[in-house]
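Before any comments, here is the structure.
Given the structure is predicted, the values throughout are model-derived calculations rather than measurements.
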There are 2 protein chains.
Amino acid sequence: MRQDNEMTTASYGIGTISKHTGVNIETIRYYERIGIMPKPPRTAGGQRIYETAHLKRLAFIRRSRELGFSLDEIRALLRLVDGGDYSCGEVQEMTLAHIADIRRKIADLRRMERVLKDMAAKCDGGDVPECPIVDALSA
Amino acid sequence: MRQDNEMTTASYGIGTISKHTGVNIETIRYYERIGIMPKPPRTAGGQRIYETAHLKRLAFIRRSRELGFSLDEIRALLRLVDGGDYSCGEVQEMTLAHIADIRRKIADLRRMERVLKDMAAKCDGGDVPECPIVDALSA
DNA sequence: ATAGGAGCTGTAGTCGCTACAGGTTCAAGG
DNA sequence: CCTTGAACCTGTAGCGACTACAGCTCCTAT
């Protein structure tokens, strides 16, 4: 573990924050390239040095991805947070929009499931080469 | 509309089958490139000529995509159909596996929705720059 | 004969990563 | 102090399933 020479500010290598957040090393570098993670300071040799703030930001991104936010949505969320003058209302609005999105996806999947279930039910599962599923799909 | 000179076998240009199936022209050519649509005959000038069989196959692919089958799954389905010796049981098996997949996706999305709803509920939506959603995400 | 819509090929971009190849740096052990 | 080897670096290419474009050629109707 590295130590700052002035203060007791913890620093971590990229592998450490990768393990901590569960985000792949390559993905972290990718996030930096596309600008949702800031360019961190480097050692004399060019290796990235992260601090607690980076760790928190990466955890935020990770959790948001898990909850289905796109990187663009996360970018917007982070812009609010970075601006400093974000309001709770704005964040809530985006979250509600995202929930609506998820609901639409669920509805679509349920429709698919129903159709497929109906098709599978018409099938006797035998060896004959006349399948109602195939018929239903090409109609 | 083109007409065969021997029989009344209907032929269509790529634009026609695109409109009929709702599959983009570029996508049809892409399907040909990756081998899930066969290479059709061409006019002297090199334009693709399709017949009713192509139309049915493309409709099959379209519908399967709509129902969430991946191109790889569709390829497998088509291999069964093309082989001619497919059994209804095999098709049904793939369909049931796909249904299980859809159920998993629905469960995931529902979990997401619940978490987001809980987070949004904690938010008073006001103008204050302290948002429980942001806190929840970075924790 | 000509205008213009339809079609052609080939390439590059999208999203969100992941997987290399081929090199450099760092920390620990001898 | 030196060596080993793990960790890190850059840059590029690949995935799936398209979509978009540039810059042509072809076909049909007037």
### Query
On DNA chain D, nearest-nucleotide positions of B/R33 versus A/K19: which is more 5'?
A/K19

### Rounded distance in Å - CD1 (B/I28) to C1' (C/dG7)
12 Å

### Task
May I have the distance from B/R29 (atom CZ) to D/dA17 (atom P), rounded to whole angstrom?
20 Å

### Task
For A/I25 and D/dG11, give me the distance from atom CD1 to atom P, rounded to whole Å.
18 Å

### Query
Which is true for A/R65 with a 4.0 Å heavy-atom rule: it touches a base, it touches only sugar-phosphate, or it touches nothing?
sugar-phosphate

### Query
Taking CD from A/E26 and P from C/dA21, how many angstroms apart are they, rounded to a whole number?
13 Å

### Task
Look at B/R57 together with B/D82 and state whether they make a salt bridge at an N to O cut-off of under 4.0 Å.
yes

### Query
Within this structure, what is the CD1-to-C1' distance between B/I14 and D/dC27, rounded to whole angstrom?
15 Å

### Query
How close or far is atom P of D/dC18 from atom CG of B/N24, stated in whole angstroms?
10 Å

### Message
For the CE atom of B/M94 and the CD1 atom of B/I74, what is their distance to the nearest 0.5 Å?
### Response
9.0 Å

### Task
Measure from the side-chain N and O atoms of A/S18 to the backbone N and O of A/V23, and report whether any donor-acceptor pair falls under 3.5 Å.
yes

### Closest-nucleotide ordering on DNA chain C, the 5'-leading residue of A/G46 and A/Y31
A/Y31

### Query
Just to confirm, is there a sub-4.0 Å distance from OP1 or OP2 of D/dC27 to any side-chain nitrogen or oxygen of B/T43?
yes

### Task
Evaluate the side chain to side chain contact (heavy atoms under 4.5 Å, CB included) criterion for residues B/I17 and B/E51: first the C-alpha distance (whole Å), next the side-chain angles of each, then the deciding distance (0.1 Å), finally the verdict.
CA-CA 9 Å; B/I17 65 161; B/E51 284 161 44; over 6 Å; no

### Query
When the distance from OH of A/Y30 to C1' of C/dA19 is rounded to whole Å, what number comes out?
15 Å

### Task
Could you say whether B/F69 or B/G45 is positioned toward the 5' end of DNA chain D, judged by the nucleotide with the nearest heavy atom to each?
B/F69

### Query
Rounded to whole angstroms, how far apart are CG on B/L71 and C1' on D/dC15?
13 Å

#### Entry: Salt bridge flag under 4.0 Å for residues A/D101 and A/R104
yes

### Query
OP1 or OP2 of D/dC9 sitting under 4.0 Å from any side-chain N/O of A/R48?
yes

### Task
Check whether any side-chain nitrogen or oxygen of B/S70 sits under 4.0 Å from OP1 or OP2 of D/dG16, and answer yes or no.
no

